[in-house]
Amino acid sequence: MSVARSGRFAGARAPAFVALNSSLALDWRLWREDIEASIAHARALEGAGVLTAAERQAIEDGLATVGREVESGAFVPGDEDEDVHMAVERRLTELVGDAGAKLHTGRSRNDQVVTDVRLHLRRVIDRQVAGLRALQQVLVGRAGEHVETILPAYTHLQRAQVTSLAQHLLAYFWMLERDVERFGRARAACLELPLGAGAAVGVNYPVDREAVAAELGFARISENSLEAVAGRDFVVDYLSAAAELGVHLSRLGAEVVLWASAEFGFVRLPDAFSGGSSIMPQKKNPDAGELLRAAAPRLAADLAGLLGVLHGLPLAYNTDLREDKRFLFDGVDCLDASVPVATGLLEGIEFDTGRMAAACDSFLQATDLADYLVARGVPFREAHHLVGELVRRCLERGIGLDALPLEEVRRLSPAFDEDYVAALDPRASLARKALAGGSAPERVREQLGRAAAALGAAP
Ligand code: ARG
């Protein structure tokens with residue numbers, strides 16, 4: 001007796017349809033959760049008087065055996081199994097007979113699959129948040145080494161003003177901090193139990209849904225059976241958090257690529273996270289950074305793909321929903337592969353602090369020079385114009401702002417005194433960025449403290 005076909009059918013399925021209709025490639029990874037949720041369901045069926053204690057025990061033992069067989073490779077699903085649910089149930093029934101054939105009472109694959117996915121995704125998020133915490137830890141560690149390391153901050157990818165490498169690295173820390181928060185919200189959204197919704201409208205047995213929820217670690221039961229089987233908001237929440245994280249990883253990856261170029265030369269890549277060329281023996285390529293960059297469109301596409309599956313679907317369950325797992329698990333796999341690479345890359349990367357300091361030319365302090373004039377009573381807009389004039393003269397002569405003759409500078413504005421050159425010191429400039437959130441070493445040390453505290457409070 002096949003679990004896939006009822007007596008409704010006289011004919012067999014066409015091979016082409018079997019191939020298209022099988023979702024095993026998408027959902028087999030849910031086998032563990034399918035077994036757990038099935039055990040909870042069997043207990044609820046016993047509570048509802050549908051199963052005897054002996055039948056429930058046979059099911060539990062049988063499901064435990066199926067789990068061991070899957071783990072050892074002794075059981076692999078076959079073509080006759082449409083999906084993970086049918087594969088597990090078929091094997092269970094082979095092992096324990098009639099009791100197994102009673103397990104699907106008061107349950108549909110429609111409420112089963114979304115229960116499994118919610119259970120599974122909760123674990124995925126826990127694992128991935130731990131991975132993000134490890135990446136944040138590395139960022140804090142590397143930032144701690146470079147509170148005094150100066151480099152240009154860029155706007156429009158043009159040198160702008162001096163900042164520190166710590167400030168730069170911590171920018172990514174805070175992006176990831178919000179990613180962790182978003183994953184936390186996505187996890188909370190997983191904690192609603194759909195089981196009991198049946199195919200769409202609820203079931204005919206008095207199963208104790210609250211007890212099932214408690215047993216499986218759900219915080220609450222779904223309010224509405226139609227929504228329970230049709231809704232995938234929690235997957236959208238996860239993939240949207242993933243897509244945002246992807247954008248952050250891509251910006252990090254892209255900067256590594258840029259900084260590893262000979263033109264920038266701000267970093268040397270660890271061999272362990274670099275590629276070579278099949279023809280050019282000298283090449284060391286920033287493949288890891290490039291692939292972090294490429295994670296963003298992939299994750300954005302996963303989110304867009306899921307929203308595409310969901311939009312316009314009439315209530316309640318539709319087979320289209322099967323495709324949720326294609327996008328969900330692609331996103332999961334992408335992050336599982338990418339985040340540890342970002343962590344290893346940053347752990348092993350060497351910063352060329354000499355190149356970074358050398359890039360801090362005197363023009364980065366042009367704003368500080370304008371502020372020097374402001375301190376001497378010159379209105380900022382006028383000071384901005386005057387310093388711009390100095391910059392232009394320096395560029396014409398190929399010299400820095402500190403190399404103009406004092407008389408010439410004073411002719412332009414008597415507000416300049418001989419001490420103006422001190423305003424051009426990049427480290428002094430850094431120290432002046434002393435308001436909260438600024439690049440000054442003392443502020444960044446405080447920021448590091450808050451970042452470390454956030455990690456200490458990690459879930
Ligand atoms: N394999 C399906 C999925 O992944 C679950 C089965 C839904 N029910 C059905 N009658 N096709 O969503």
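Quick caveat: nothing in here was measured; it's all calculated off a predicted structure. Counting begins at 1 with the first residue of the sequence.
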Do Asp330 and Arg326 have side chains that get closer than 4.5 Å, going by heavy atoms?
no
Plane angle bin for Tyr238 and Phe183 - parallel if under 30°, tilted between 30 and 60°, otherwise perpendicular
tilted
Worked verdict on Phe329 versus His120 for ring-ring contact (aromatic ring centres under 6.0 Å, His included)
CA-CA 11 Å; Phe329 292 142; His120 185 84; 5.4 Å; yes
Pairwise side-chain contact, Leu45 with Val207, heavy-atom cut-off 4.5 Å (strictly under):
yes
If you count every heavy atom of other residues, nucleotides or ligands that lies below 6.0 Å from Arg251 atom CZ, does the total exceed 12?
no
For residues Gln136 and Val180, determine if any side-chain heavy atom of one lies less than 4.5 Å from a side-chain heavy atom of the other.
yes
Salt bridge Glu36-Arg32, side-chain N to carboxylate O under 4.0 Å:
no
Whether Tyr172 and His168 hold their rings parallel, tilted or perpendicular, with breakpoints at 30° and 60°:
tilted
Closest non-hydrogen contact found for Met356 with Ile150 is CB-O, 3.3 Å
Test item: Leu139 and Leu170 side chains (from C-beta on) under 4.5 Å apart, heavy atoms:
no
So Glu148 and Thr353, do their side chains get closer than 4.5 Å, heavy atoms only?
no
Closer than 4.0 angstrom, basic N to acidic O: yes or no for Arg68 and Glu71?
no
Please determine whether a side-chain nitrogen of the Lys or Arg among Glu442 and Arg445 lies less than 4.0 Å from a carboxylate oxygen of the Asp or Glu.
no
Which atom of Val236 lies closest to which atom of Leu310, heavy atoms considered
CG2-CD1, 3.6 Å
Has the side chain of Asp111 got a donor or acceptor atom that lies under 3.5 Å from a matching backbone atom of Gly196?
yes
Parallel, tilted or perpendicular: rings of Trp28 and Phe75 (30°, 60°):
perpendicular
Donor on one side chain, acceptor on other, Arg450 and Gln447, under 3.5 Å
no
When you look at Arg109 and Met86, which way does the side chain to side chain contact (heavy atoms under 4.5 Å, CB included) test go after all the steps?
CA-CA 9 Å; Arg109 283 181 295 156; Met86 290 191 158; 3.3 Å; yes
Within a reach of under 6.0 Å around NZ of Lys102, are more than 12 heavy atoms found that belong to other residues, nucleotides or ligands?
no
Hey, does Gln57 have a side-chain heavy atom less than 4.5 Å from the side chain of Glu46?
no
Any heavy-atom pair between the side chains of Val203 and Arg107 that's under 4.5 Å?
no
Side-chain touch Pro152/Phe363, heavy atoms, less than 4.5 angstrom
no
Can you name the closest pair of heavy atoms from His146 and Ser164 and give their distance?
O-CB, 4.0 Å
For residues Leu335 and Gln128, report the shortest heavy-atom separation together with the two atoms involved.
CB-NE2, 3.6 Å
Under a 4.0 Å threshold between the charged nitrogen and the carboxylate oxygen, would Arg127 count as salt-bridged to Asp336?
yes
Would Glu33 and Arg123 satisfy side chain to side chain contact (heavy atoms under 4.5 Å, CB included), going step by step from the backbone distance to the final call?
CA-CA 10 Å; Glu33 288 80 12; Arg123 289 181 180 148; 3.0 Å; yes
Carefully, step by step, assess Ser38 and His85 under the rule side chain to side chain contact (heavy atoms under 4.5 Å, CB included).
CA-CA 9 Å; Ser38 293; His85 322 294; over 6 Å; no
Checking Arg142 side chain against Glu347 main chain: does a donor-acceptor pair fall under 3.5 Å?
yes
Between Leu103 and Leu92 the two heavy atoms that sit nearest each other are CD2-CD2, 3.6 Å
Between Ser222 and Arg209, do the side chains contain a donor N or O and an acceptor N or O under 3.5 Å apart?
yes
Taking the six-membered ring of Phe218 (Phe, Tyr or Trp), confirm whether the NZ or CZ of Arg122 is under 6.0 Å from its centre and within 45° of its axis.
yes
Donor-acceptor pair, Asp27 side chain versus Val84 backbone, under 3.5 Å?
yes
For the residue pair Ala440 and Ala431, what are the closest heavy atoms and their distance?
CB-O, 3.6 Å
Under 3.5 Å, side chain of Asn285 to main-chain N/O of Asp287, donor-acceptor pair present?
no
Hey, what's the ring geometry for Phe351 with Trp259, parallel, tilted or perpendicular (30° and 60° as the breaks)?
perpendicular
Starting from the C-alpha separation in whole Å, work towards a yes-or-no answer on side chain to side chain contact (heavy atoms under 4.5 Å, CB included) for Leu345 and Leu292.
CA-CA 10 Å; Leu345 180 61; Leu292 291 176; 4.2 Å; yes
